[in-house]
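This report refers to the structure that appears directly beneath it.
In what follows, every heavy atom counts, from backbone to side chain, and hydrogens, waters and symmetry copies are set aside.
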Amino acid sequence: MDLAAASDLYRKYADDLAAVRDEQRRRLPGIRAQLDDVEAELTYLRLRELRPETVVEIGTFHGWSTTWLLSALRDNGSGRLFSYDVVDHVVRSVPEDLAGQRWTFTRGDVRKTQLPGNIDYLFLDAAHSASFARWYIGALFGRLSGTPVSVHDVFHGRRPMPFSEGAVLVRWLAEQKIDYFTPSVKRAPETFAALLAVKRELGLDEPIRTGRDNPMVFFDLA
């Protein structure tokens with residue numbers, strides 16, 4: 001994904017995204033949100049476009065990302081979400097009609113859990129330590145090919161924090177010559193501004209939540 005592709009997705013799914021934004025705004029008072037608007041919307045839009053059958057979410061917390069992911073699968077009319085976290089706040093946040101038969105939540109350390117054999121989309125927002133990044137790079141990335149990935153909390157600044165998950169991940173991506181896309185205000189301010197302009201053009205610029213860091217990175221594994 002690049003800026004042009006992201007902008008095209010906003011335009012292609014503008015009506016559906018507007019409806020989901022309204023739903024998420026109504027849910028927000030009952031959920032402690034982690035994702036900022038742009039990165040949450042891009043996650044939804046990528047799933048709409050890619051139509052994955054098996055999505056794995058590692059790190060749910062209170063379920064803000066979970067509801068965005070499930071909304072995309074619902075609107076696609078297909079796909080299942082498998083979510084993992086050491087806490088189960090999410091089960092009190094996801095409405096039954098959205099979960100339906102498309103969601104499975106497992107509480108526990110994902111490093112000790114059996115994950116689906118086939119993963120069509122991987123969403124990561126859990127322990128932000130260097131050791132956790134080294135785990136998923138070795139244990140997950142090594143067995144996936146061409147899988148789209150989203151990783152949260154990478155660029156809160158121009159560069160990732162030293163000795164953090166983000167530092168390990170960005171270094172690995174450079175070594176593998178894998179390009180990534182980020183709407184981070186600090187890392188890619190021009191990209192963020194351009195996406196806001198597209199949202200304004202489409203009438204999607206009213207904030208759902210006040211966060212504006214948008215530190216997520218998006219990439220496809222080689």
Heavy-atom count around R32 CZ within 6.0 Å, excluding the residue itself: above 12?
no

Do L28 and L17 belong together in a cluster built from hydrophobic side chains that touch within less than 4.5 Å?
yes

Result for side chain to side chain contact (heavy atoms under 4.5 Å, CB included) between L35 and one of D125, N214, D153, D213 points to D125

With clusters defined by side-chain heavy atoms of hydrophobic residues (ILVMFWY) lying less than 4.5 Å apart, directly or transitively, does L81 cluster with F61?
no

Value for CD (E39) from CH2 (W68), rounded to nearest 0.5 Å, stands at 11.0 Å

Residues A99 and V94: closest non-hydrogen pair is CB-CG1, 3.9 Å

Mind checking whether H156 and H152 have parallel, tilted or perpendicular rings, split at 30° and 60°?
perpendicular

Looking only at heavy atoms, the pair that brings P183 and V38 closest together is CB-CG1, 3.7 Å

What verdict does the side chain to side chain contact (heavy atoms under 4.5 Å, CB included) test give for L98 and T67, after you've listed the backbone C-alpha separation in whole Å, the side-chain angles of each residue and the deciding distance to 0.1 Å?
CA-CA 8 Å; L98 187 59; T67 52; 4.0 Å; yes

Quick check on the hydrophobic clustering: are V56 and L70 connected, directly or via other members, by side-chain heavy-atom contacts under 4.5 Å?
no

Where the side chain of S150 meets the backbone of F123, is there a donor-acceptor pair that is under 3.5 Å apart?
no

At what distance, to the nearest 0.5 angstrom, does CG of L124 lie from OG of S65?
10.5 Å

Where is the tightest heavy-atom contact between L204 and Y10, given as atom of each residue plus distance?
CD1-CD2, 4.2 Å

Just so I know, are the side chains of D36 and R209 near enough to count as touching, which here means a heavy-atom distance under 4.5 Å?
yes

Please evaluate residues R80 and T104 with respect to the criterion side chain to side chain donor-acceptor pair (under 3.5 Å), reporting the C-alpha separation (whole Å), side-chain torsions for both, the decisive distance (0.1 Å), and the verdict.
CA-CA 8 Å; R80 287 186 57 82; T104 300; 2.6 Å; yes

R212 CZ: over 12 foreign heavy atoms closer than 6.0 Å
no

May I ask you to check whether over 12 heavy atoms, not counting those of R25, lie within 6.0 Å of atom CZ?
yes

Shortest non-hydrogen contact between P207 and D37, atoms and distance
CA-OD2, 3.4 Å

Backbone of T66 reached by a side-chain donor or acceptor of E57 within 3.5 Å
yes

Could you check H62 against Q34 for side chain to side chain contact (heavy atoms under 4.5 Å, CB included), going step by step and ending with a plain yes or no?
CA-CA 8 Å; H62 285 275; Q34 296 297 104; over 6 Å; no

In the structure I gave you, are the side-chain heavy atoms of F192 and R187 within less than 4.5 Å of one another anywhere?
no

Give a yes or no answer on whether the side chain of T147 reaches the backbone of L144 with a donor-acceptor pair at less than 3.5 Å.
no

Side-chain donor or acceptor of S71 paired with backbone N/O of V20 under 3.5 Å
no

If Ile, Leu, Val, Met, Phe, Trp and Tyr residues are connected whenever their side-chain heavy atoms lie under 4.5 Å apart, and connections chain through other members, are F105 and L115 in the same group?
no

Distance col, row L42:CG vs E49:CD, nearest 0.5 angstrom, shows 12.5 Å

Sole residue of Y136, F132, Y84 in side chain to side chain contact (heavy atoms under 4.5 Å, CB included) with R111:
F132

Could you tell me which non-hydrogen atom of G63 sits nearest to which non-hydrogen atom of I31, and how far apart they are?
C-CG2, 4.1 Å

I137-M161 co-clustered via ILVMFWY side chain contacts under 4.5 Å:
no

What are the two closest non-hydrogen atoms of R27 and P95, and how far apart are they?
NE-CG, 3.9 Å

Is D120 reaching over with its side chain to a backbone N or O of E53, donor-acceptor style, under 3.5 angstrom?
yes

So, T60 side chain and V90 main chain: donor-acceptor pair closer than 3.5 Å or not?
no

I'd like to check D75 versus Y44 (side-chain heavy atoms, cut-off strictly below 4.5 Å). Are they in contact?
yes

Verify, without hydrogens or angle tests, whether S184 (side chain) and K186 (backbone) share a donor-acceptor contact under 3.5 angstrom.
yes

Taking R21 for the side chain and E206 for the main chain, is one N or O donor matched with an acceptor at less than 3.5 Å?
yes

Can any side-chain N or O of H89 pair as donor or acceptor with the backbone N or O of V87 at less than 3.5 Å?
no

Nearest 0.5 Å, what's the CG-OG distance between L73 and S78?
7.5 Å

Check the surroundings of atom CD in Q114: do more than 12 heavy atoms from other residues, nucleotides or ligands lie under 6.0 Å from it?
no

Under 3.5 Å donor-acceptor, E165 side chain and A133 backbone
no

Going by ring-ring contact (aromatic ring centres under 6.0 Å, His included), Y180 matches just one of F218, F155, F219, W172. Which one?
F155

Only counting residues at least two apart or in another chain, list the ones meeting salt bridge (Lys or Arg N to Asp or Glu O under 4.0 Å) with R48.
D16

